[in-house]
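What follows is a single structure, written as structure tokens, with notes after it.
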Amino acid sequence: MRITFFTNEDFASSEEFRYFFSNVAASFRDVHVVAIRHSQVEKRLSFPLVLYSKARKVMWRARRFGIVHTLGVVTSDPLRRLITQRDEQEISERVRALPRPSVKLKPEETHYYVETVNGPDAVETISTLEPDVVIQVRAGILRRQVFEQSRRPPSGAA
């Protein structure tokens, strides 16, 4: 069986990904990784775009729910981020402690990089690999066209 993992470019440092990968790769020989590579331009532009998007949400919320409610939500955001970061670290430590087969990520010839999540480059790369199954791990929200590249499309996909 041919398996393709669809993930982001930080897959090698993700404990969750390495846990999933090691268990699947221990059972199947033909396992590939397709990762979304974020360009440097996208990384530089993302901060102003995120800031603009957040400002728009704050303004919408203030008009919709009032300034007092909005201030409560906005001021609690740093605490939410702190708690989320703590929880992610704990999850990573617990996943690291789980038993797993000693399978290493294969050399670069089994890794393919694409620029978009649902774009033609991603669909073409996955199609070229002819996977039986596509496993998505932190790649984002995928459209049906990506999953349809597998020989065994997900249930409900017709």
Side-chain contact, heavy-atom cut-off 4.5 Å: Thr7 with Ile36? no
Considering all heavy atoms, the nearest [X]-[Y] contact:
| X | Y | result |
| --- | --- | --- |
| Ile91 | Glu16 | CG2-OE2, 3.4 Å |
| Pro131 | Val134 | CG-CG2, 3.8 Å |
| Ile126 | Gln149 | CG2-CB, 3.5 Å |
| Ala25 | Val31 | CA-CG2, 4.0 Å |
| Asp121 | Thr125 | O-OG1, 2.8 Å |
| Val114 | Ala122 | CG1-CA, 3.8 Å |

State whether the number of non-hydrogen atoms from other residues, nucleotides or ligands found under 6.0 Å of Arg64 atom CZ is greater than 12. no
Near Gln145 CD, under 6.0 Å, is it more than 12 heavy atoms from other residues, nucleotides or ligands? yes
List the steps and the verdict of side-chain contact (heavy atoms from CB on, under 4.5 Å) for Ile135 and Thr4. CA-CA 6 Å; Ile135 300 173; Thr4 296; over 6 Å; no
Give the intermediate values and the outcome of side-chain contact (heavy atoms from CB on, under 4.5 Å) for residues Lys57 and Arg61. CA-CA 6 Å; Lys57 284 181 184 177; Arg61 186 180 296 272; over 6 Å; no
Same cluster (ILVMFWY, side-chain, under 4.5 Å), [X] and [Y]:
| X | Y | value |
| --- | --- | --- |
| Val74 | Trp60 | no |
| Val123 | Leu142 | yes |
| Ile141 | Phe147 | no |
| Phe21 | Leu98 | yes |

Would you call Glu90 and Arg94 a salt bridge, using N to O less than 4.0 angstrom? yes
Can we say Glu93 and Arg96 salt-bridge, meaning some charged N sits less than 4.0 Å from an Asp/Glu carboxylate O? no
Tell me whether [X] contacts the main-chain N or O of [Y] through its side chain, where contact means a donor paired with an acceptor under 3.5 Å.
| X | Y | value |
| --- | --- | --- |
| Ser150 | Val133 | no |
| Asn8 | Arg138 | yes |
| Asp132 | Arg2 | yes |
| Asn23 | Tyr19 | yes |
| Asn118 | Arg143 | yes |
| Asp30 | Met1 | no |
| Ser92 | Glu88 | no |
| Arg81 | Ser76 | no |

Does Arg37 make a cation-pi contact with Tyr113, if we ask for NZ or CZ under 6.0 Å from the ring centre and within 45° of the axis? yes
Distance from Arg100 atom CZ to Phe20 atom CZ, nearest 0.5 Å? 10.5 Å
Using side-chain contact (heavy atoms from CB on, under 4.5 Å), reason through Val33 and Phe17 one step at a time and then give a plain yes or no. CA-CA 11 Å; Val33 176; Phe17 176 85; 3.9 Å; yes
Between Phe5 and Phe11, does the ring centre distance come in under 6.0 Å? no
